[in-house]
Amino acid sequence: MLSFLSRQYAKNYFVITGFLVCFSLGDSALSHAEPAEKNMPNVTYSNPYFKGNKEEKNAQIKRLTSLFGVECDFCHNEDLTVFTDEGKKSKEMMKASVALGVECDYCHVDRKRYKENEQQARKMFELCEIMGTECSFCHAGKGKLTPKGETSKTAFVTRNWATEGTKRCLECHIEKKLFALNFYGWQVLNALKGLKGM
Ligand code: HEC
Ligand code: HEC
Ligand code: HEC
Ligand code: HEC
């Protein structure tokens with residue numbers, strides 16, 4: 001009974017502090033209630049991963065923190081001046097998520113496990129590494145491809161990318177140069193133009 005009461009009390013306490021924090025930002029008399037907020041006066045949520053109003057952005061942070069089952073310091077210190085390796089990786093991951101128009105749980109089940117698109121995603125990260133591209137080179141939001149993405153879609157099929165991987169692309173494209181053509185690539189292009197009578 002006693003522990004039930006104290007749990008109720010703790011619950012109410014959190015609800016009430018939550019309210020106070022929400023409606024009294026900048027009120028220093030109450031700021032002791034949430035030191036994490038107090039030490040982040042310059043929060044701008046400049047990363048385009050964060051969407052909506054302040055509550056929605058905070059909800060996004062809560063979602064990714066609970067998805068990975070970690071504390072904030074798994075990725076960064078309180079005033080966001082120091083990022084761990086996972087934090088730096090997460091910045092890259094946020095870029096990828098924005099390009100795909102998704103959140104972390106599109107690929108992550110938790111800290112260790114992934115969804116069934118894991119292999120596809122890994123190959124995409126590898127392709128970007130080899131070609132020097134970002135996901136936004138080809139992805140323009142949920143279910144949408146850029147014109148270059150459309151070109152790749154054809155190339156993936158004709159060059160058996162699924163089984164042979166990105167190395168095949170280097171027959172005609174220069175490594176780390178955003179799919180610029182190499183000498184052989186230009187020959188192929190000129191031959192194509194010749195075929196089309198251009
Ligand atoms: C899995 C890694 C990860 C976890 C866990 C995490 N964060 Fe972050 N957080 C980031 C990344 C990455 C950014 C974007 C930083 C950037 O783009 O400069 C960020 C940005 C923020 C921002 C916005 C800062 C700004 O002004 O742009 C706030 C506030 C924040 N985090 C608070 C928290 C809090 C509070 C927790 C714990 C409840 C938390 N984060 C947990 C990775 C994480
Ligand atoms: C398109 C799929 C995809 C999305 C979306 C995605 N991830 Fe990842 N993530 C991966 C894959 C695949 C790996 C493993 C390969 C690697 O480490 O590069 C990974 C690895 C990581 C790692 C390193 C794990 C470790 O133990 O080394 C972190 C941290 C991470 N992701 C955070 C995030 C966060 C935070 C988000 C959302 C902002 C996110 N990811 C969104 C696919 C994704
Ligand atoms: C060179 C172009 C290109 C780049 C760069 C690229 N992708 Fe893709 N991606 C594609 C194409 C084309 C498809 C297939 C779309 C289809 O079949 O409709 C695809 C499909 C996917 C899929 C499966 C379909 C989906 O939307 O869930 C994932 C996941 C994905 N890409 C993740 C990424 C990530 C993460 C990055 C950045 C690390 C990335 N891609 C970079 C071209 C690219
Ligand atoms: C046999 C040569 C050849 C191979 C192999 C090849 N490509 Fe290409 N690719 C070309 C040529 C030629 C062009 C330019 C003409 C065009 O846009 O159709 C091109 C254009 C592109 C473009 C557009 C670049 C831009 O800046 O507009 C993308 C993206 C691309 N290829 C992706 C790929 C991918 C991904 C692979 C590997 C799966 C691949 N290509 C393999 C010959 C090749």
[X], [atom1] atom: more than 12 neighbouring heavy atoms under 6.0 Å:
{"X": "Lys177", "atom1": "NZ", "value": "no"}
{"X": "Lys115", "atom1": "NZ", "value": "yes"}
{"X": "Glu118", "atom1": "CD", "value": "yes"}
{"X": "Lys123", "atom1": "NZ", "value": "yes"}
{"X": "Phe74", "atom1": "CZ", "value": "yes"}
{"X": "Glu164", "atom1": "CD", "value": "yes"}

Find out whether [X] and [Y] are in side-chain contact, i.e. whether some heavy atom of one side chain is under 4.5 Å from a heavy atom of the other.
{"X": "Phe179", "Y": "Thr151", "result": "no"}
{"X": "Tyr49", "Y": "Lys95", "result": "no"}
{"X": "His173", "Y": "Leu181", "result": "yes"}
{"X": "His139", "Y": "Lys144", "result": "no"}
{"X": "Asn160", "Y": "Arg168", "result": "yes"}
{"X": "Met94", "Y": "Leu64", "result": "yes"}
{"X": "Thr166", "Y": "Phe156", "result": "no"}

Over all atoms of both residues, closest heavy-atom pair of [X] and [Y]:
{"X": "Lys57", "Y": "Lys51", "answer": "CG-O, 3.5 Å"}
{"X": "Ile130", "Y": "Glu175", "answer": "O-CG, 3.2 Å"}
{"X": "Asn182", "Y": "Glu171", "answer": "ND2-O, 3.0 Å"}
{"X": "Cys128", "Y": "Cys135", "answer": "SG-N, 4.0 Å"}
{"X": "Val188", "Y": "Cys172", "answer": "CG2-SG, 4.3 Å"}
{"X": "Phe137", "Y": "Lys148", "answer": "CZ-CD, 3.4 Å"}

What distance do [X] atom [atom1] and [Y] atom [atom2] have between them, rounded to the nearest 0.5 Å?
{"X": "Phe68", "Y": "Glu86", "atom1": "CZ", "atom2": "CD", "answer": "10.0 Å"}
{"X": "Ile61", "Y": "Glu56", "atom1": "CD1", "atom2": "CD", "answer": "12.5 Å"}
{"X": "Glu134", "Y": "Leu178", "atom1": "CD", "atom2": "CG", "answer": "9.5 Å"}
{"X": "Cys104", "Y": "Asp110", "atom1": "SG", "atom2": "CG", "answer": "12.5 Å"}
{"X": "Asn117", "Y": "His108", "atom1": "CG", "atom2": "NE2", "answer": "9.5 Å"}
{"X": "Leu80", "Y": "Cys72", "atom1": "CG", "atom2": "SG", "answer": "9.0 Å"}

On the ring face of [Y], is [X] found with NZ or CZ under 6.0 Å from the centre and within 45° of the axis?
{"X": "Lys91", "Y": "Phe83", "answer": "yes"}
{"X": "Lys153", "Y": "Trp161", "answer": "no"}
{"X": "Arg122", "Y": "Tyr114", "answer": "yes"}

Subject >> Leu170/Met131 under side chain to side chain contact (heavy atoms under 4.5 Å, CB included): CA gap, chis, key distance, verdict >> reply: CA-CA 9 Å; Leu170 297 177; Met131 305 312 294; 3.8 Å; yes
Subject >> side chain to side chain contact (heavy atoms under 4.5 Å, CB included) between Val102 and Lys142, intermediate numbers included >> reply: CA-CA 7 Å; Val102 300; Lys142 192 147 182 88; 3.6 Å; yes
**OP:** Indicate yes or no for a side-chain donor-acceptor contact from Asn77 to the backbone of Thr81 under 3.5 Å, with no hydrogens or angles considered.
**Re:**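 Present.
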Subject >> Whether Ser66 side chain and Gly69 backbone form a donor-acceptor pair below 3.5 Å >> reply: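 Checking the backbone N and O of Gly69 against the side chain of Ser66, no donor-acceptor pair under 3.5 Å is found.
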**OP:** Group every Ile, Leu, Val, Met, Phe, Trp and Tyr by side-chain heavy-atom contacts under 4.5 Å, then state whether Leu127 and Leu100 land in the same group.
**Re:**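 No, because Leu127 and Leu100 fall into different hydrophobic clusters, even though each may have its own neighbours under 4.5 Å.
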**OP:** Treating Ile, Leu, Val, Met, Phe, Trp and Tyr as nodes and any side-chain heavy-atom pair under 4.5 angstrom as an edge, say whether Leu67 and Tyr106 lie in one connected cluster.
**Re:**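 Hydrophobic grouping puts Leu67 apart from Tyr106.
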**OP:** Specify whether Phe50 and Tyr45 have parallel, tilted or perpendicular ring planes, treating 30° as the upper limit for parallel and 60° as the lower limit for perpendicular.
**Re:**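 Plane angle over 60°, so perpendicular.
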